[in-house]
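Quick caveat, the model's predicted, so the values are computed rather than measured. Labels below follow one simple rule: chain letters A, B, ... track the order of the sequence lines, proteins then strands, and each chain is numbered from 1.
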Amino acid sequence: MLQCIFLLSDSGEVMLEKQLTGHRVDRSICAWFWDQIISQGDSLKLVPVIASPTHYLFQVVREGITFLACTQVEMPPLMAIEFLSRVADVLSDYLGSLNEDLIKDNFVIVYELLDEMIDNGFPLTTEPNILREMIAPPNIVSKVLSVVTGNVSNVSNTLPGATASCVPWRKTDLKHTSNEVYVDLVEEMDAIINRDGTLVKCEIYGEVQVNSHLSGLPDLTLSFANPSILNDARFHPCVRLRPWEANQILSFVPPDGEFKLMSYRVKKLKSTPIYVKPQLSSDSGTCRISVLVGIRNDPGKSIDSITVQFQLPPCILSADLSANHGTVNILADKTCSWSIGRIPKDKAPSMAGTMTLETGLERLNVFPTFQVSFRIMGVALSGLQIDKLDLKNLPSRPYKGFRALTRAGEFEVRS
Amino acid sequence: MAPPAQSQKSSSPSQPSGKGEVSDVKMQLRQLAGSRAPGTDDSKRELFKKVISYMTIGIDVSAVFSEMVMCSATSDIVLKKMCYLYVGNYAKNNPDLALLTINFLQRDCKDEDPMIRGLALRSLCSLRVANLVEYLVGPLGNGLKDGNSYVRMVASIGVLKLYHISASTCMDADFPAMLKHLMLNDKDAQVVANCLTSLQEIWGLEASTSEEAAREREMLLSKAVIYYFLNRIKEFSEWAQCIVLELVAKYVPSDSNEIFDVMNLLEDRLQHANGAVVLATIKVFLQLTLSMTDVHQQVYERIKSPLLTLVSSGSPEQSYAVLSHLHLLVMRAPFIFSSDYKHFYCQYNEPFYVKKLKLEMLTAVANESNTYDIVTELCEYAANVDIPMARESIRAVGKIALQQYDVNAIVDRLLQFLEMEKEHVTAETLVLVKDLLRKYPQWSHDCIAVVGNISSKNVQEPKAKAALIWMLGEYAQDMQDAPYILESLIENWDEEHSAEVRLHLLTAIMKCFLRRPPETQKALGAALAAGLADFHQDVHDRALFYYRLLKYDVSVAERVVNPPKQAVSVFADTQSSEVKDRIFDEFNSLSVVYQKPSYMFTDKEHRGPFAFSEELGNLSIDTDLANDVVPAQRVEENDKDLLLSTSEKEENHGSINNSSAYDAPSYDGSRMVGALQPQQDLVSLDQPPPANTPASLAMDDLFGLGLPVAPSPTPPPLALKLNAKAVLDPNSFQQKWRQLPVAASQEISLNPQGVSALSSPQVLLRHMQGHSIQCIASGGQAPNFKFFFFAQKEDEPSTYLVECVINSAACKAQLKIKADDQSTTQAFSTLFQSVLSEFGLP
């Protein structure tokens, strides 16, 4: 049971305070909390669950905004953290994105949302589709003020119908002029590669994202050509789990709009699409560095937006780096970023240069980790393939669209 | 940890008082109050917004209360919401003004729009003014019967709010009974869930005074109610599912079929997108199968992959909460993640708190098959730019080394760390090498060779310096330069700020002197002189002690300072297994994150209505003590609680076995050893083998003697007679096992003959049966066996329950005893142990 929720700006200012129970949490807790953050130096370094002298605090940081919840009673910590993350998701969905100004400008909406999302400290609903029916998103409010009043009361009359039905995530009578549904496979590759080039760990985290604009109560079935490669899958509440367990078929009545139908993991992949080979050698106060990048395993589609980024060790005074392709930037915080884009056909991109070590240091004794990012359109690197999508209960033939995308997640190469 | 209610001050001094603005707004509101002109609502909106934003930044705007109420007559729902928000915020401190709002709120409660009815009711319940409750009863009663589920949903939580304002009003109006009816009949799942939360809390709080409420609370856990919830679980929102699952975790099924039914019903919850649901489901699974050893193992297998996905797919905050739970699981069942160790490899960008938990996981899952990979990975982190991370990884390598049998490769890696020539790496490594040498003296030659090359000037951290000095003293024989290094350190005595280092220096120079007197004599003299002049009491006393010891007899000094040492086999665990079990019972709660059971950190009054209060009987002293402490000191006090409770436990241990310890022949000698060792904070179990087994039981408890023993002499154990024909069916066993607190929990050693006779569980069962101790369940394969025993007193129906986990490889048994009659636990425990120790003897 949460007792209070605060929203703090990135300077520690209280932007919003929502008391949830009879026990009133004094604002001074935020000052205490901010002192802790300052002593840690960074809000991201503070543990998500901490004990203050008076309360237990849960904190989730999104886009510089801290969502802080207080309680004095024992409760499942993940429930509080999940709830706060969900609040952040809903707010950024309602406001378009998250930042200090947006929240300050729309604090009435935020209060309204919190009011419906949690009562007396117990979360009620965080389903965006349901909330949307109760509280109009900000742009509509400002546009048609007087209409909203009428609308809201009309809509709320349909509310019991939607919540009592077996599909609480969907309005009962949706109408779209053009019926269309898009299914995207979005995958992230997480990999760790050691300095000798061995693949320590390589796995894919993937999501099936659906954008549905379908009228009525459509019933969809989605099947994969090779579902056996999935290691563990999690589903949106709309997915019926029996057909999945029996035949690995996703059967569901979709919510309207965009949602995450399913997330999955594919472990123990054997190879990465590109290689990054850093080499560092140091001698008598200077360090020579060279980084080679190339295609290891051609995915069949072009690999875009390749960048290699690394943090220069603190013992390095200056660095002179240049590349035969792309641009190299060294930022003020000693982050070096080499953006390559696409790998050209005629040459292998390489970056080389020298770095000066601080005086008294002969050889480099810390080695940077290179973080690589890339994206490949049109391919799901896990190999997962959609077999077919069937739609039932539809008045007209819908348009179906499929896409796939793989990008680097936490892709790191050690040196 | 509740502070005394703080004086309410709406504006903090640092923020502007905004007096001018407030009176400005007040004027404008007044003008608008009566106006019916078109566009009034728009201007009201702007003004209300201003008021709320002042309120949000902490300016006290309670002065415009009456104007706000006057303006509240509107049909605009957004305006109403802002008004409700404002009223809810200030009503509590302005009860007189709050009365003004009652009228319009009551009117809104009858509005034809269900949204407005619900919102008004919610605000009415949130006023929380005690003398206004009479106005609340009517609307709440209507709300519970409202045709619209939104209103009923608000009303069902409203009852709980009313209960907290005035419990008697709530009970008199018979609201709990209405809630119960709604809970069991309403077709809207959210209403049902809200009724459940309200009822749990109300009946939980009432249960202590009213028998009826206690009965009703039991009713929530009856088979019919639980099945009702389980069958509807898919209708509930994800959060309501968490609440239902929490309830189901407390349910005790009557037989194993039922357990499987429940698990089948809930299995698909493990694939829910909400991590909180997944974790709550896992808790149900673990609790249900607690006494079914085989199924429990299967459950571990089943939950593994959902948990790993939770770790890697969520935000860092979510990963943190999940990892804390994984850590708890891996402590109970290290094998479950041993092949998935790569999941715990740290990513460069993760926050430190996640990395730290991952390191703990890597340490915990390390076994013979994966140690090489894990240590290789940890060595990568040691070279990390991030210094705290590097330190933690080196410590992790050390922990793995201390828990493994084959440390060959690890020692090499550690020694490589020393060659990295980074100060923090060297410092951490030195501390570890010292611990390693205490456990594996056979590595001394390799280590000494490397350690000898380290210049003491490069080591500044006190802990590392102390470790280096300890090694110089201990291996003075093998390190050519030892006396001279020590001598140079003594020359800089005055610059050494850490008392710990100076203490070590004294001891090291003593050891060195006893081995190589001619080279060290001068340095020893200097050290003793410096020590005697030291302002630090301990340093001074130790110097004086050594001085007198040497004066008295050098050979005695040799025996005291430099006795032959046994290698340390097990380093003392910081957390007792009982505490770990308690945390496990509280799976999916804050206890897991803090790695302490909740009685150690939550106030009694704040423990949930279903908190394990009945289990606290034997430990409640701690919380009582803690309750008297000023809140601000609480956080530290909790640590002391931990110490207090363990030391109390040790005392108990001591007294349990004192009676049998007195006739142990090696009593005095081993006490000496025991007294020397706490100084090095280690606990050695490998002491000279005593002549008979009862004495070896006593050995375990000798450390207890180092602590103050209870002044009153221990009463002799009551002669306990057990009923030879005791009966207890498995269900009542399970029920009792859940309800009773752990009365005693300890680890005992078994005699080797017994262990070798333990070819299968059945042999032991027959032996125990011969002594009127019955077995109700057993399982496992060599080397791990698990038994559940029970026994009854001869003349009364008082039952003892025992969980006994035997590891035949280590010749150890872990006992957990629960008893109806707590006062005779000790007697029973002694009896049980003696019966167990007779096993296998001819």
Side-chain angles (χ1 to χ4, degrees), chain A residues 16-17 22 26-27 44-45 47-49 51 53-54 56 60 72-79 81-82 85 107-108 111-112 119-120 122-125 145 149 152-153 156-157 159-160 163-164 192 200-201 205 231-237 241 263 265 311 313 365-367 369 371 410 412 414, chain B residues 1-3 6 49 56 76-77 81-82 85 113-115 128 148-150 157 160-161 164 187-188 197 237 239 242 268 271 273-276 279 305-306 309 313 315 317-318 320-321 342 345 347-349 351-353 380 383 385 420 422 588-590 593 598 602 606-608 631-632 634-635:
Chain A
L16 211 107
E17 165 184 342
D26 195 82
R27 231 167 227 237
L44 289 170
K45 281 189 189 148
V47 184
V49 186
T54 54
Y56 307 108
V60 164
Q72 286 177 307
V73 295
E74 183 59 274
M75 70 174 291
L78 192 57
M79 187 165 162
I81 290 173
E82 281 272 0
S85 323
F107 64 91
V108 176
Y111 274 125
E112 285 183 70
D119 193 6
N120 207 40
F122 299 104
L124 294 175
T125 179
L145 271 180
T149 334
V152 169
S153 50
S156 59
N157 277 332
L159 185 72
T163 36
I192 301 177
V200 178
K201 169 182 159 182
Y205 168 78
N231 283 104
D232 183 53
R234 294 206 287 160
F235 305 102
H236 188 274
L241 290 151
S263 63
R265 263 186 315 131
Q311 189 78 36
N365 57 8
V366 278
F367 298 99
T369 301
Q371 293 163 279
E410 295 283 339
E412 36 185 79
R414 292 169 178 159
Chain B
M1 295 204 192
Q6 297 199 358
K49 245 183 146 169
T56 303
D76 184 326
I77 197 160
K81 280 183 181 172
M82 287 199 266
L85 181 70
D113 184 339
M115 192 89 185
R128 301 179 215 275
N148 188 295
S149 59
Y150 181 75
I157 280 291
L160 181 60
K161 293 181 187 162
H164 283 299
K187 64 180 188 340
D188 186 278
T197 34
S237 78
W239 311 106
C242 294
D268 53 17
Q271 282 176 318
N274 187 325
L279 218 52
S305 118
T309 306
S313 62
S315 62
E317 292 94 350
Q318 286 155 320
Y320 171 79
K342 284 192 179 171
Y345 283 6
Q347 302 276 1
Y348 181 76
N349 277 337
F352 181 62
Y353 56 78
E380 292 287 339
V385 190
M420 279 168 63
K422 271 194 281 185
N588 199 19
S589 71
L590 289 171
V593 178
S598 68
T602 40
H606 290 305
R607 263 176 240 133
R634 263 308 163 67
V635 184

- Item | Contacting moiety of S237(B), where chain A heavy atoms sit under 4.5 Å |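 When you check distances to chain A, only side chain atoms of S237(B) fall under 4.5 Å.
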- Euclidean distance, Y348(B) OH relative to Q371(A) CD, rounded to 0.5 Å: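 The OH atom of Y348(B) is 6.0 Å from CD of Q371(A), to the nearest 0.5 Å.
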- OG1 on T309(B) to CZ on R234(A), rounded to 0.5 Å: 6.5 Å
- Query: Taking every heavy-atom pair that is under 4.5 Å apart, which of K49(B), Q318(B), H164(B) has the most such pairs with chain A?
  - Reply: Q318(B)
Specify the closest pair of heavy atoms between [X] and [Y], including all atoms of both residues, with the distance to one decimal.
X       : Y       : answer
L160(B) : F122(A) : CD2-CE1, 4.1 Å
P306(B) : D232(A) : CA-OD2, 3.5 Å
C242(B) : M79(A)  : CB-SD, 3.9 Å

Are the side chains of [X] and [Y] in touch, meaning some heavy atoms are under 4.5 Å apart?
X       : Y       : answer
L78(A)  : Y320(B) : no
Y111(A) : M82(B)  : no
K81(B)  : V108(A) : no

Which one wins on heavy-atom pair count under 4.5 Å against chain B: [options]?
options                          : result
I81(A), T125(A), D119(A)         : D119(A)
K201(A), E17(A), E82(A)          : E82(A)
A233(A), P123(A), S85(A), P48(A) : P48(A)

- Query: Who pairs with K342(B) by side-chain contact (heavy atoms from CB on, under 4.5 Å), at least two apart in sequence or on another chain?
  - Reply: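 Partners of K342(B) under the side-chain contact (heavy atoms from CB on, under 4.5 Å) test: Y345(B).
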- Those residues at least two apart in sequence (or on a different chain) that pass side-chain contact (heavy atoms from CB on, under 4.5 Å) with Q271(B) are F235(A), L241(A), W244(A), E245(A)
[X], part contacting chain B, at a heavy-atom distance under 4.5 Å:
X       : value
S263(A) : neither
L124(A) : both
E412(A) : side chain

